[in-house]
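Following: one structure in structure tokens, then a few remarks.
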Amino acid sequence: MSDTLFPGKYADAAQTDLAHADPAPVDPALIDPTHSAHTRAYGAIHSNGPIGAMTIERRALLPDDVAIDVLYCGVCHSDIHMIRGEWGEQPFPMVPGHEFVGRVTAVGHAVTRFVPGDFAGVGCMVDSCGACDNCNAGLEQYCTAGATLTYASPDPRGAGPTLGGYSERIVVRERFVVKVPKDADLARTAPLLCSGVTTFSPMQHWRLGSGQRFAVIGLGGLGHMALKLAVHRGAEATVFTTSADKANDAYAMGAHDVVVWQPAASLPIPHAQDMANRFDFLLSTIPSPFDLAPFLPLIRRDGTFVNVGAPGTIGGVTGAGLWNQRRSLVASCIGGMPETQELVDYCCTNAIHPEIELIRPNQIDAAYLRVENKHVRYRFVIDLASARA
Ligand code: NAP
Ligand code: ZN
């Protein structure tokens with residue numbers, strides 16, 4: 001794939017069941033008041049509302065805080081679920097955005113890994129208890145007290161819920177900021193912070209290896225990153241897509257096979273018989289409840305079906321379907337901070353980048369519709385640098 005797939009600079013155009021801890025109060029003496037700032041942001045003032053410009057307040061720096069001018073922020077389908085109220089009631093106004101990169105503008109006096117001028121990235125979390133077993137293992141997304149998500153989450157360090165990366169500036173605790181190499185393609189690095197690490201993490205945990213037969217279901221933002229990562233690991237990759245016109249792109253990204261299917265009981269998966277017991281590793285990015293039954297027979301002995309998509313019901317799961325061939329059905333939530341840094345370094349070193357459509361902030365509503373209609377190729381990224389100019 002190359003940039004030529006998307007000529008012109010601009011496109012035409014979770015959650016998760018994580019519990020939230022009650023925020024612990026911050027000692028006011030630790031706050032450096034010189035760095036609080038009004039910031040332009042893009043969000044909705046009510047559920048399902050349009051995304052518009054607004055002014056928000058970023059907190060003053062604490063000693064271990066990093067202030068970042070956001071340059072590029074990806075649009076994740078989770079942003080749409082959250083804005084639309086598809087994952088339950090949310091706090092508004094909401095400023096989405098949980099995969100972004102920017103330039104460090106100021107650091108608290110206890111910050112050791114960043115200096116102003118560095119490039120930095122932030123993903124889906126901005127805080128966690130830092131003390132539980134999972135935080136100690138670098139798996140902050142599974143913090144037993146509840147990780148603080150980058151937006152719409154109670155903020156232990158600020159007033160009101162967190163406000164995300166569709167904004168020109170943000171302040172984030174250093175532990176939740178990753179380093180971005182100086183020569184990185186910044187716009188194409190931003191989606192790594194969610195779509196990249198969400199697909200990388202299960203491949204690491206369940207050890208997707210060279211020569212294994214891998215399949216991804218859904219070729220969207222997460223799915224196309226999964227495909228690229230699996231191909232880079234040497235797996236033989238198959239794409240299950242409901243969009244026949246994505247087949248050529250899938251092959252260009254390294255797919256070995258493309259199967260066009262429709263999620264309707266009356267339409268069996270084409271060539272399912274030929275694919276029985278075939279895959280070591282299937283990864284679903286389907287964003288809504290789905291039926292596992294058509295896919296179960298395709299998993300080989302000791303194979304794994306990983307759901308990183310829908311948080312809702314997965315139908316068609318039977319005990320026999322799983323114990324036949326000792327199959328596993330598992331799920332995975334984003335990635336921890338060490339793994340996120342590892343993924344950014346790995347992708348930048350090996351030139352594994354998302355395919356993006358760059359948009360301006362006033363195109364976000366239109367972009368949401370194109371994601372919902374499966375038309376995005378393959379991740380929208382908001383250019384906040386140009387909006388600031
Ligand atoms: P996306 O860009 O919209 O991609 C999803 C793809 O799934 C679509 O492009 C489409 O691909 C396919 N699809 C859509 N509706 C479908 C349906 N009803 N039945 C079957 N296939 C369907 O979304 P994304 O940003 O990749 O996110 C995917 C899901 O993962 C979202 O629900 C998001 O909230 C969730 N997510 C989870 C985590 C986590 O930590 N687990 C992190 C981030 C996002 P084809 O056109 O190829 O069929
Ligand atoms: Zn996301």
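Atoms within each ligand, like the ligands themselves, are counted from 1 in listed order. Note that the structure is predicted; figures quoted are calculated from it, not measured.
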Pairing of [X] and [Y] as salt bridge, 4.0 angstrom limit:
| X | Y | value |
| --- | --- | --- |
| Asp118 | Arg113 | no |
| Glu168 | Arg58 | no |
| Arg175 | Asp64 | no |
| Arg173 | Asp127 | yes |

Task: Minimal non-hydrogen separation, Pro202 against Ser332, with atom names - done: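 Result for this residue pair: CD-OG, 3.7 Å.
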TODO: Please name the pair of heavy atoms, one in Gln325 and one in Asn277, separated by the smallest distance, quoted to 0.1 Å.
DONE: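 Nearest pair, atom of Gln325 first, then Asn277: CG-OD1, 3.5 Å.
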Task: Phe200 ring center near Tyr346 ring center (under 6.0 Å) - done: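 Ring centroids of Phe200 and Tyr346 are less than 6.0 Å from each other.
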Open item on the list: Aromatic contact between Phe240 and Phe295, with the criterion being ring centroids under 6.0 Å apart: yes or no?
Closed with: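 When the ring centroids of Phe240 and Phe295 are compared, they turn out to be within the sub-6.0 Å range.
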Open item on the list: Regarding atom 37 (C) of ligand 1: of the candidates Val308, Leu219, Asp245, which has the closest heavy atom?
Closed with: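 Nearest option to atom 37 (C) of ligand 1, by heavy atoms: Val308.
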Task: Nearest neighbour of atom 22 (C) of ligand 1 from the list Cys124, Pro287, Gly312, on a heavy-atom basis - done: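 The nearest heavy atom belongs to Pro287.
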Considering only heavy atoms of [X], which atoms of ligand 1 have at least one such atom less than 4.0 Å away?
| X | answer |
| --- | --- |
| Val371 | 3 (O) |
| Gly309 | 29 (C), 30 (O), 35 (C) |
| Lys246 | 9 (O), 11 (O), 45 (P), 46 (O), 47 (O) |
| Ser243 | 45 (P), 46 (O) |
| His77 | 1 (P), 3 (O), 23 (O), 24 (P), 25 (O), 27 (O), 31 (C) |
| Thr241 | 45 (P), 46 (O), 47 (O), 48 (O) |
| Gly221 | 1 (P), 2 (O), 4 (O), 26 (O) |

Do any N/O atoms on [X] end up under 3.5 angstrom from N/O atoms on ligand 1?
| X | answer |
| --- | --- |
| Pro311 | no |
| Ser332 | yes |
| Leu222 | yes |
| Trp261 | no |
| Cys76 | no |

Open item on the list: Suppose the criterion is salt bridge (Lys or Arg N to Asp or Glu O under 4.0 Å): which pairs have a residue in residues 322-346, not counting sequence neighbours?
Closed with: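 Checked against salt bridge (Lys or Arg N to Asp or Glu O under 4.0 Å) - neighbours excluded - the pairs reaching residues 322-346 are Asp302-Arg326.
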Open item on the list: Measuring from non-hydrogen atoms of Ser288 to any atom of ligand 1, is the shortest distance under 4.0 Å?
Closed with: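 Contact present.
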Open item on the list: Heavy-atom contact check, 4.0 Å cutoff: does Arg379 meet ligand 1?
Closed with: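 Arg379: in contact with ligand 1 (<4.0 Å).
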- [ ] Give a yes-or-no answer on whether the side chains of Glu355 and His224 include a donor-acceptor pair shorter than 3.5 Å.
- [x]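 Distance-only check fails for Glu355 and His224.
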Ligand 1 versus [X]: contacting region, heavy-atom distance under 4.0 Å:
| X | result |
| --- | --- |
| Cys194 | side chain |
| Gln141 | neither |
| Ser78 | both |

Open item on the list: More than 12 heavy atoms of other residues, nucleotides or ligands under 6.0 Å from NE2 of His46: yes or no?
Closed with: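 Yes.
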Task: Residues, nucleotides or ligands: over 12 heavy atoms within 6.0 Å of Ile45 CD1 - done: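 No, CD1 of Ile45 has 12 or fewer neighbouring heavy atoms, counting only those of other groups under 6.0 Å.
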Task: Interatomic distance, Tyr151 atom OH to Tyr166 atom OH [nearest 0.5 angstrom] - done: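 Reported value, rounded in 0.5 Å steps: 6.5 Å.
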Open item on the list: Please report the interatomic distance CZ(Arg377) to CG(Asp245), rounded to the nearest 0.5 Å.
Closed with: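 The CZ atom of Arg377 sits 4.5 Å away from the CG atom of Asp245.
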TODO: Pull up every protein N/O/S atom sitting under 2.8 Å from the Zn ion (ligand 2), skipping waters.
DONE: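 Protein N, O or S atoms closer than 2.8 Å to the Zn ion (ligand 2): Cys76 SG, His98 NE2, Cys194 SG.
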TODO: Give the intermediate values and the outcome of salt bridge (Lys or Arg N to Asp or Glu O under 4.0 Å) for residues Arg169 and Glu57.
DONE: CA-CA 10 Å; Arg169 183 175 188 270; Glu57 181 83 7; over 6 Å; no
